[in-house]
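In what follows, chains carry the letters A, B, and so on, assigned in the order in which the sequence lines appear, proteins first and then strands, with residues in each chain numbered from 1.
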Amino acid sequence: MNKDLIHKINLSLVEGQLDVIEELVQAALDSNLEPMAIIQQGLMTGMQVVGERFQEGEYFLPHVMIAAEAMKKAMKILEPLLLTTDQTIHSGTVVIGTVQGDIHEIGKNLVATMLSANGFKVVDLGVDVAVDTFIQKAQEVRADVIGLSALLTTTMTVQRDCVEALIQKGLRQKIRVVVGGAPVNEEWAHLIGADGYAEDAMAAVKLTKSLVRTKSIS
Amino acid sequence: MRPGIQFIDENVVQQIIQEGFALLQNPGVRIHNLEAQKLLADAGAQVDFNHQVAFIPESLVNQALTSCPKEFTLFDLDGKSAVHYGGDAVHFDPGSAAITILDARTGEQRQPVTRDFVDFVKLVETLPQLDAQSTALICADVPEEIGDLYRLYLALNYMRKPIITGAFRKDTWWIMLEMLRLVSGGQEMLRQKPIAVFDVCPSPPLLWSDLTCQNLIDCARNYIPSELVSMPLAGATAPVTLAGAVVQHTAECLSGVTICQLAQPGAPVVWGGSPSSFDMREGTTPMGAVETWMIDCAYSQIGKALGLPTHAYLGMSDAKMVDAQCGLESMGGAMLAALAGINMVSGAGMLDFESCQSMEKLMIDAEIIGMVKRLIRGVEIHEQPIALDLIRQLGHRAEYLSQSHTLQWFKQEQYIPSAIIDRGNWDAWHQKGRLSAFDRAHSQVEEQLGKYQPSPITREEKNELRNIISKAAAKFGMAKLPELPEN
């Protein structure tokens with residue numbers, strides 16, 4: 001019965017069944033399954049399958065986005081039930097947003113989704129986000145990484161402002177900075193002292209994982 | 001007979017218009033500009049000032065549609081009419097606002113500087129297939145804050161053709177107006193003989209930002225033609241269905257037309273756009289996708305049904321080099337645009353989505369445009385009977401090459417391409433160095449630039465323009481502007 005429910009939760013992610021995920025999660029909880037077990041065996045494994053199929057070209061972005069939506073719905077029920085101290089399920093915490101003066105968000109949304117799907121806790125601040133807002137939130141949620149998206153040559157400078165503000169506040173060691181967006185590139189990231197540049201959502205996930213890893217080592 | 005293409009029938013056109021109207025009332029349009037909100041509210045629209053959403057009634061939109069000019073003309077700097085925006089007239093201009101230029105020597109993209117855009121403007125002047133300039137490159141050697149202004153300044157120094165441009169800020173718009181007035185001989189002349197069109201872009205779905213609204217209003221009040229550039233991204237910021245994307249486009253443009261006419265009834269406005277399909281693997285916005293072209297052509301039918309001049313971003317490629325993908329994507333879009341009768345087709349020279357410009361690609365695109373303009377002239381009947389007398393005259397002799405009839409008509413019947421299009425035999429190609437179209441285009445750039453004729457504006461006007469731009473540059477920290485290349 002338990003295995004059956006876990007399998008159903010798995011499937012609902014893989015098949016994008018948004019309308020049944022909540023009742024399945026509730027049923028799993030009612031049958032005394034641990035929230036952590038549901039997350040790891042039901043949701044994470046489901047998300048992994050989706051990710052693999054996307055890489056192989058069998059699944060497309062709509063599949064990924066819908067699976068992420070299903071995951072969000074499930075986590076809304078499950079996360080409050082976790083004992084916060086010893087049950088960190090996250091690969092790390094990321095604060096992400098599009099910089100001040102810029103309202104482009106598709107790419108940023110994709111990155112946020114893929115990061116969530118890969119086990120990161122993601123706080124998405126939306127668009128037109130001021131440097132202070134990024135930093136305040138990052139401190140509040142103990143973020144490992146701030147992700148800054150800019151699609152205009154006129155707004156990418158805010159990415160530099162953010163790095164400088166972090167240095168000024170003495171937070172630069174604690175928080176990694178990743179930048180992205182159409183006019184942004186490796187050279188720019190290096191110039192402004194960011195920790196890295198990612199050209200798409202998959203690269204962003206890879207980069208963020210490695211940054212968080214090196215952070216915990218250092 | 002002029003060949004054409006249609007993608008949606010009359011019933012669908014009307015239904016799309018109706019759904020467009022309906023969206024303006026529910027969920028309404030986000031308007032992040034106070035002046036526009038007030039204009040709408042004063043005219044009877046319901047406006048939620050807190051959430052910055054306007055609910056625009058059909059009657060208000062219809063009123064706006066009746067006051068819009070059905071057509072207008074752009075003039076060149078000699079005062080001659082150059083571009084007719086209206087009906088099924090088809091014109092082409094280069095893609096605008098590229099942030100990189102393809103360096104033919106290295107094959108790499110790099111940031112453009114003053115020299116690059118000057119050469120680009122000159123090249124456009126020498127290519128008869130291009131009907132207008134655009135502020136095609138954003139120069140990296142001046143402060144960002146004057147990026148929009150500076151490219152217009154450069155263009156005005158070297159161009160004769162009219163220009164399609166746009167602003168990145170509210171304050172620079174006014175300085176651009178000052179420049180345009182200067183070279184036109186004043187506000188009244190500029191109004192009577194416009195030399196520039198401004199692109200204004202709503203943000204999908206259904207949002208007019210503070211900046212774009214303000215540009216729209218300022219253009220209208222000064223009778224500067226505004227080109228609405230709605231850009232639904234089908235499957236990401238708009239419905240994935242092509243027809244659904246067109247519905248959203250319709251709603252966005254209807255709201256733009258309304259704001260424009262409320263600011264100034266009778267101000268010229270263009271039903272334009274830059275929509276695209278959304279790639280479901282890469283998360284990118286392919287301008288070379290066939291679906292993109294279909295959305296453009298379909299929305300232009302809507303614009304025509306509403307009696308407005310039309311525009312679209314077509315004739316570009318997502319390729320990173322000028323290769324087969326580049327060619328096929330550019331031709332597909334340009335050809336459909338011409339068949340659809342779109343008045344201004346923006347995109348020539350552009351690749352890597354909408355981010356890179358290339359002088360070489362521009363020259364190749366000029367060939368595409370030449371071919372496509374020939375295409376829409378159609379199969380013309382010059383004489384009666386069509387060929388009976390002529391063929392009977394020659395009987396069974398294959399001697400058309402030496403006939404005076406051939407001499408008389410061949411230049412009109414055939415688009416004669418430049419050497420960029422290789423139609424020689426293999427041996428000749430081999431001997432010339434086995435060049436690609438890109439190579440041939442590159443080798444012709446210098447020669448083409450040699451054909452450039454200087455701009456007609458006076459030394460005094462040039463000095464005045466320099467004063468204007470220098471002041472603006474100084475304001476943003478640049479004490480001395482880059483030198484202008486020689487004419």
Side-chain angles (χ1 to χ4, degrees), chain A residues 16 50-51 53-66 68 98-114 117 126-128 149-161 180-188 191 198-205, chain B residues 30 32 97-100 108-112 137-140 142-151 166-170 172 201-205 207-212 231-240 276-285 318 320 352-356 476:
Chain A
V50 172
R53 290 186 185 180
F54 177 68
Q55 292 281 64
E56 284 155 20
E58 187 189 331
Y59 269 18
F60 294 79
L61 288 173
H63 296 106
V64 173
M65 297 300 280
I66 288 177
T98 298
V99 301
Q100 189 161 38
D102 201 325
I103 57 168
H104 295 94
E105 60 180 335
I106 301 173
K108 182 265 298 171
N109 289 349
L110 282 173
V111 171
T113 298
M114 294 307 273
V127 299
D128 192 18
S149 175
L151 224 95
L152 306 170
T153 50
T154 44
T155 57
M156 61 198 270
T157 48
V158 181
Q159 293 171 336
R160 173 169 41 204
D161 297 339
V184 179
N185 57 22
E186 197 71 59
E187 207 186 307
W188 170 256
L191 183 74
E199 70 271 12
D200 61 28
M202 299 314 298
V205 170
Chain B
R30 287 177 294 168
H32 286 185
I99 53 175
T100 61
E108 299 291 338
Q109 291 184 23
R110 61 171 173 78
Q111 286 195 307
L137 288 165
I138 301 174
C139 297
V142 295
E144 265 147 38
E145 293 87 344
I146 59 165
D148 53 1
L149 180 53
Y150 186 66
R151 49 189 196 153
F168 303 155
R169 299 164 61 107
K170 292 196 263 184
T172 46
C201 315
S203 318
L207 162 67
W208 281 94
S209 71
D210 185 31
L211 165 65
T212 55
M231 52 188 86
L233 307 175
T237 61
V240 74
S276 86
S277 179
F278 195 76
D279 191 281
M280 295 306 181
R281 297 151 307 164
E282 301 287 351
T284 51
T285 53
D318 312 314
K320 317 305 178 274
D352 192 0
F353 305 95
E354 288 188 344
S355 68
C356 180
F476 294 107

Q.
Any heavy-atom pair between the side chains of B:C201 and B:M231 that's under 4.5 Å?
A. yes
Q: Could you tell me which portion of A:Y59 (side chain, backbone, both or neither) has an atom closer than 4.5 angstrom to a non-hydrogen atom of chain B?
A: neither
Q) Any side-chain heavy atom of A:Q55 sitting closer than 4.5 Å to one from A:M202? A) yes
Q. Under a 4.5 Å heavy-atom cutoff, which of B:R281, B:M280, B:E144 has the most pairs with chain A?
A. B:M280
Q) Side-chain contact, heavy-atom cut-off 4.5 Å: B:D279 with B:D318? A) no
Q.
So, taking the atom named CD in B:Q111 and the one named CG in B:L137, what distance separates them when rounded to the nearest 0.5 Å?
A. 11.5 Å
**Q.** Engaged part of B:L211 at the chain A interface, taking heavy atoms whose separation is under 4.5 Å
**A.** neither
Q | B:F278, part contacting chain A, at a heavy-atom distance under 4.5 Å | A | side chain
**Q.** Close side-chain approach of B:T237 to A:I106, heavy-atom, < 4.5 Å
**A.** yes
Q) Non-hydrogen atoms of chain A under 4.5 Å away: do they reach the side chain of B:S355, the backbone, both or neither? A) neither
